Structures are given as structure tokens and as C-alpha cells.
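Before any comments, here is the structure.
Keep in mind that this is a model prediction, so the values were computed, not measured. Just so you know, ligand 1 is whichever comes first in the structure, and atom 1 is the first atom listed for that ligand.
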Amino acid sequence: MPIPRRYTTEAIVLSRFDLGEADRVLTLITPDIGKLKAIAKGVRRPTSRLGGSMEPFAELTVALHRGRTFDVVTEVRVGHAWLRLRDSLESAATAWYLAELADRSLEERHAAEPLYALLRRAYELLDAGMAPGRVARWYEMHLADELGVRPEVDRCVECDRVLEADESFRWVPPLGGVLCSRCPGPPAGRTRLSLEGLKLLKAYQRLDVEALAALRLSSAVEREVETAMREFVRHALEREARSLAFLDEVRAPLPTNALAAR
Ligand SMILES: [Zn+2]
């Protein structure tokens with residue numbers, strides 16, 4: 001369906017950059033049109049009507065009209081501001097990371113309803129105070145689903161044998177998941193995966209967010225699964241997310257046992 005000259009949509013700001021004296025170009029994710037670039041003219045002037053409402057980490061209702069290079073924002077209303085999400089740097093940095101992953105997963109102007117809903121839910125969870133690391137893992141796992149690359153954590157990716165609790169496992173993102181102890185696998189990318197790590201990966205696929213938020217876990221296992229999922233997503237998107245460096249800088253230092261395992 002062609003997009004009309006003027007249209008209104010729900011949107012979340014994924015990224016932005018300043019243009020010229022007072023304009024700003026925004027990358028938006030919308031449910032029906034997917035990712036698009038829009039320009040907010042004069043938005044950096046103190047008198048701008050759009051001003052503070054074109055912020056990230058909020059669900060906006062945006063009126064646009066089609067432009068030649070970018071569609072032009074004519075009106076904005078904030079639907080959900082998710083203000084508590086910004087209270088901690090770690091939660092805000094995680095929100096940037098999730099937005100960057102959505103940005104990199106989408107082509108412009110392809111409907112993105114599931115991904116929009118996923119990002120929206122993740123922001124709600126951050127706003128509700130769920131541990132940012134758990135929100136990020138839950139999001140990465142479901143993003144992989146949406147990209148059609150659900151990690152295999154039940155059977156060996158090479159021989160298809162059901163994984164047994166008493167064997168050893170390796171995490172091999174280029175093969176799509178876990179390799180059993182009997183299969184040789186590729187020479188590189190043989191990160192050992194503990195049984196607890198494997199169980200937690202399964203939990204991220206199977207449990208709902210309430211159950212995930214309630215899990216009692218050692219920080220070593222959380223970090224092991226963090227490393228595993230980041231590696232998986234990097235492989236799926238073919239590069240490292242830029243926002244991770246900032247996220248790692250602002251959050252609490254790693255416990256020493258987790259450092260040793262890296
Ligand atoms: Zn195998």
C-alpha cells in the first residue's frame with residue numbers, strides 16, 4: 001500500500017543526528033512502515049513546538065508529510081515517556097543498545113510490527129525496573145527469533161543429538177548454537193558453555209519475563225550468557241554494536257570470578 005502524502009504513526013526514536021543550524025534527522029521505528037528517516041526542522045531552537053518531545057526512549061505519535069529525502073515531522077505527541085528508564089545510566093545505555101540492534105536488524109520501509117512490539121515491551125520492562133542485563137538477554141533471544149536465527153540449545157547443531165546434562169558443551173554462533181562433546185566442530189569459535197549457562201539460554205527461550213525477572217542466578221552465569229548472546233547477535237548482524245562500549249563503561253564493574261572466565 002502506498003504511503004499517503006500526510007500520515008500519522010506510532011514511533012520510537014532509534015537514533016538521531018543534528019543537521020545544519022537547528023534541524024535534526026531521526027531514525028524512527030514504526031509498526032507499519034518499519035524503519036524510516038525523518039527530519040524535525042528547527043527542533044533545536046528553544047522555541048520549537050516539537051522540541052523536547054522528539055526524544056528517544058518514548059513511544060510517540062508522529063504526524064509526517066512525505067519529503068524528497070526525508071519525511072518531515074509536523075506534529076508530535078508523547079504516548080509513553082518511560083521516564084524511570086532514564087533513572088540509571090545502565091538502563092539508559094541498555095535502551096540505546098536495544099535501539100541500535102533494532103536499527104541494524106531492519107531495512108528501511110519494511111513493516112516491522114513484531115520488532116516494534118519487542119522494543120516497546122523491552123522499554124516497558126526497563127521502565128518497570130527489571131534488571132537491564134535480563135531485559136537485554138530476553139530481547140536478544142527474541143530478536144534472533146525475529147531474524148529467523150533462533151539459537152539451537154536443545155540439540156547438537158552438528159549431529160542433531162539431544163544434549164545430555166552430563167556432557168560438555170561448546171557455544172558456536174557460526175553454526176547456530178550448541179555443539180555436543182562428540183562433534184569436532186570448527187577449529188575457531190569453541191567457547192565452552194557450562195550446564196548452568198545452557199540452562200539459562202533455554203530459560204531465555206522458554207520463560208516469560210516475570211519468571212526471568214525472578215530467577216536467582218550467579219553473576220558468573222549471567223556474564224557467561226551475556227558473552228554468549230552478544231557473540232551470537234554480533235554474528236547474526238555481522239558486526240559489533242557500537243553502543244556496547246558505552247554500556248560496559250557505565251555499569252558496575254565485573255566481579256573478579258566473571259573476569260577470569262572471559
Ligand atoms: Zn554433536
Sidechain-backbone polar pair: [X] side chain, [Y] backbone, donor-acceptor under 3.5 Å:
| X | Y | value |
| --- | --- | --- |
| Arg121 | Tyr139 | no |
| Arg44 | Asp23 | yes |
| Arg86 | Phe57 | yes |

Residues pairing under ring-ring contact (aromatic ring centres under 6.0 Å, His included) where one sits in residues 218-239, two or more places apart or in two chains, turn out to be Trp171-Phe232

Residue set satisfying side-chain contact (heavy atoms from CB on, under 4.5 Å) with Glu158, at least two apart, ordered chain then number -> Cys156, Leu175, Leu179, Cys183

| field | Results of side chain to side chain donor-acceptor pair (under 3.5 Å) for Arg84 - residues two or more places apart only | value |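 Counting only residues at least two positions away or on another chain, Arg84 forms a side chain to side chain donor-acceptor pair (under 3.5 Å) with Asp127.
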
Measure distances from the Zn ion (ligand 1) and count the protein N, O or S atoms below 2.8 Å.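 If we list every protein N, O or S atom nearer than 2.8 Å to the Zn ion (ligand 1), we get 4.
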
